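Letters A, B, ... mirror the listed sequences (proteins, then strands); counts begin at 1. No experiment lies behind these values; they were computed from the predicted model shown.
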Amino acid sequence: MEKEKKFKPSKDLPLGFVDRQEKELLTRDFIISNIKEVMIKYGFQYLETPSFEYTDSIGKFLPDKERPDQGVFSFKDEKNWLSLRYDLTAPLARYIAKNYLEIPKPFKRYQLGTVWRNEKPGPGRFREFLQFDADYVGTQNLQADAELCVLISEILERCGLTKDDYTVKISSRRFTKELFDELKIQPGEQSAVTLRALDKLDRLGWEEVRKILTKGREDKSGDFTKGADLNEEQIKVLERKIKEKKPSTSDILEIMKIFEAYNFTNYQYDPSVIRGLEYYTGPIFEVNLNFEVKNSKGKTIQFGSIGGGGRYDNLVNNFGNLDCPATGISIGLDRLVYALMQKKEYNIKSNKPVVICVFNKENIKDYIGILKKLREANISSEVYPGEGNLKKQMQYANKIGSPAVILYGEDEIKYGKPTLRNLKSGEESKIEIENLPNEIKKIL
RNA sequence: GCAGCUGUAGCUCAGUUGGUUAGAGCACUAGUUUGUGGAACUAGGGGUCGGUGGUUCGAGCCCACCCAGCUGUACCA
């Protein structure tokens, strides 16, 4: 008989998607609990919006409106294009526009949610990831911007980072706008290329950036990036101003004054911080980690920022004639988790069950009796859920990281005293059933 | 998108100038031990050699095209 070719489904995950293990999830939970506490303390409302939105509602800034699956995951139902959200800001703007009359002004909300981007993943960057956003809507008061920076710091420090571990960089879109006007850099393409070039300053250095500002730059692989065609005079002024670390715009000066009132010092003014080009209108922030992060192969990677944000006074206005200034900040949680797991070991309790071994199914009542006692005492426990001999059960307990097993076979049942085996030390002792919870707690 | 590199077992990889039935370590399963895990030993399962076509008596190895992944770069709300 001929062997039939069987269809085998792939075990691989789609590019950019990952399975997440318990250790990572518990670290993430820890961060999230810190976030929630801080947000409550700062008086923010908790909000959730759906994963999908109409592409039109959040697609104002998509690269190609005719092909909404570039960059985002989209599909068309009977009538409309729908997209998985690619951030939490665009849905917020939609929410504000929809509920404008009801919400308090100003409106402060925070949100935790998965977002998706249909683009090439990189080290520590995936196509599905968890974001945290905090936003102030309906106020031009720069205290909002300042407080976002303060609040992010408090979250990071609660998570165990010190002031040396991170820096909040601030800058203002107003600075580049005024400077570009002065230098007669054309709005549109030339201005965009110049901004993107300046954004690469910390990674490439001035000499490389300078190439992009003139004719263009060829990278190691031979790829060519078109330049901004600035003249020498423009570049000279640009270099001087961008390296000047003293703020000149009034918004930054005011924010710094507010920082002082908060006694917040862990920030840095850096005019080369650019962020996205599309919607920021005023102050912008970026949160950077200052310690080394390694990839799975132990190689140090350029980690970049773990979050950022800024003022976007016109975004809500796109939905209609709503004058609704806003400012917000977001953190890429998975990246923060990844970095934090390397930074230090958290005392994250991951309680593995005590395993009650089964010698004879006839005695199941005894096993479940012990199980109920342990669970009443809030001890994670289980009667061995599989089938097999004692050796197999021990191997199982060892593999799941169980702290102890309970052996209750013929010999023990005769005297009503189970054997408790500590799996870390290998020690065994016979214990009265009533005392089991207490003895086990000593091991945990 | 562009460029360079790489695709052999679940994972990490070896595979001679093209030559029988494609190997190792780890992992997995079973046993040595039917009441004892982490160690050792023994045995076993697991592969369309990324795909298609070509050259050849013969291809994991050579050629062409395709696909996928990695790295850099571009875009990034």
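Taking atom P on both nucleotides, A59(B) is separated from G50(B) by 15 Å, rounded to a whole Å. For the P atoms, the distance from C41(B) to C26(B) is 8 Å, rounded to whole Å. The separation of G10(B) from G47(B), taken at their C1' atoms, amounts to 12 Å, rounded to a whole angstrom. Taking atom P in both C67(B) and G51(B), one finds a spacing of 15 Å when rounded to whole Å. Across the C1' atoms, C57(B) and G46(B) are found 33 Å apart, a figure rounded to whole Å. When the P atom is used for both G53(B) and G45(B), the distance is 31 Å, rounded to whole Å. Between C11(B) and G58(B), the two C1' atoms lie 33 Å apart (nearest whole Å). Straight-line distance between the P atoms of U6(B) and U16(B): roughly 16 Å, to the nearest whole Å.
A donor and an acceptor atom never sit less than 3.5 Å apart when one is taken from the side chain of K392(A) and the other from the base of U34(B). Taking only distance into account, the side chain of Q393(A) never meets the base of G35(B) through a donor-acceptor pair shorter than 3.5 Å. On a pure distance criterion of 3.5 Å, no polar donor-acceptor pair joins the side chain of K391(A) and the base of G31(B).
Residue N398(A) places its side chain closer to G38(B) than to any other of G35(B), A74(B), G38(B). For L423(A), taking side-chain heavy atoms from C-beta onward, the closest of the listed nucleotides G35(B), A77(B), G37(B) is G37(B). Between C28(B), U73(B), G37(B), one nucleotide has an atom nearer to the side chain of R217(A) than all others, and that is U73(B). Here the nucleotide nearest the side chain of L204(A), chosen from A77(B), A74(B), A27(B), is A74(B). Side-chain proximity of R117(A) to G35(B), A77(B), A74(B): nearest is A77(B). You'll find that the side chain of R196(A) is closest to C75(B), out of U71(B), C75(B), G37(B).
Ring centroids of Y312(A) and Y280(A) are separated by 6.0 Å or more, keeping the two rings apart. Aromatic rings from Y396(A) and Y384(A) are positioned such that their centres are separated by under 6.0 Å. Here Y136(A) and F44(A) bring their ring centres to under 6.0 angstrom of each other.
With a cut-off of 3.5 Å on both pairing distances, the Watson-Crick or G-U wobble partner of U12(B) is A24(B). Base-pair partner of A43(B): U29(B) (Watson-Crick or G-U wobble, both distances under 3.5 Å). With a cut-off of 3.5 Å on both Watson-Crick or G-U wobble distances, the partner of G37(B) is given as none. A 3.5 Å limit on both hydrogen-bonding distances identifies G19(B) as the Watson-Crick or G-U partner of C57(B). Nucleotide C2(B) is matched to G72(B) when pairs are restricted to Watson-Crick or G-U wobble geometry with both distances under 3.5 angstrom.
Counting heavy atoms from C-beta on, the side chains of D135(A) and T327(A) never come closer than 4.5 Å.
If you check every strand for non-hydrogen atoms under 4.0 Å, Q395(A) touches sugar and phosphate atoms only. When heavy atoms are screened at a 4.0 angstrom cut-off, Q131(A) is found touching no nucleic acid atom at all. Residue contacts for L15(A): at a heavy-atom cut-off of 4.0 Å it reaches the sugar-phosphate backbone alone, with no base atom in range. When heavy atoms are screened at a 4.0 angstrom cut-off, D87(A) is found touching the sugar-phosphate backbone but no base atom.
Put simply, CG on N389(A) is 9 Å from P on A30(B), counting in whole angstrom units. Put simply, OH on Y279(A) is 13 Å from P on C76(B), counting in whole angstrom units. To the nearest angstrom, P of U34(B) lies 15 Å from CG of D411(A). Rounded to an integer number of Å, the gap from CD of E410(A) to P of U34(B) is 15 Å. Counting to the nearest Å, the P atom of G38(B) and the CZ atom of R421(A) are 10 Å from each other. Spacing between atom CG of D199(A) and atom P of C75(B) amounts to 9 Å, rounded to whole angstrom units. Protein atom CG of L420(A) is 20 Å distant from nucleotide atom P of G35(B), rounded to whole Å. What separates CD of E53(A) from C1' of A77(B) is a distance of 14 Å, to the nearest Å.
K120(A) has no side-chain polar atom (N or O) that falls below the 4.0 Å cut-off from OP1 or OP2 of A68(B).
Judged by closest nucleotide on RNA chain B, G409(A) is the one of G409(A) and K424(A) placed further toward the 5' end.
Taking the six-membered ring where the residue is Trp, Y46(A) and Y110(A) present parallel rings, their angle staying beneath 30° rather than reaching 60°.
Between the side chain of R20(A) and the main chain of D334(A), no donor-acceptor pair closer than 3.5 Å is present. The closest donor-acceptor contact from the side chain of R117(A) to the backbone of Y86(A) lies under 3.5 Å.
Closest approach of L289(A) and A339(A) over heavy atoms only: CD1-CB, 3.4 Å.
Stacking of Y86(A) onto the six-membered ring of A77(B) is present: less than 5.5 angstrom between centres, less than 30° between planes.
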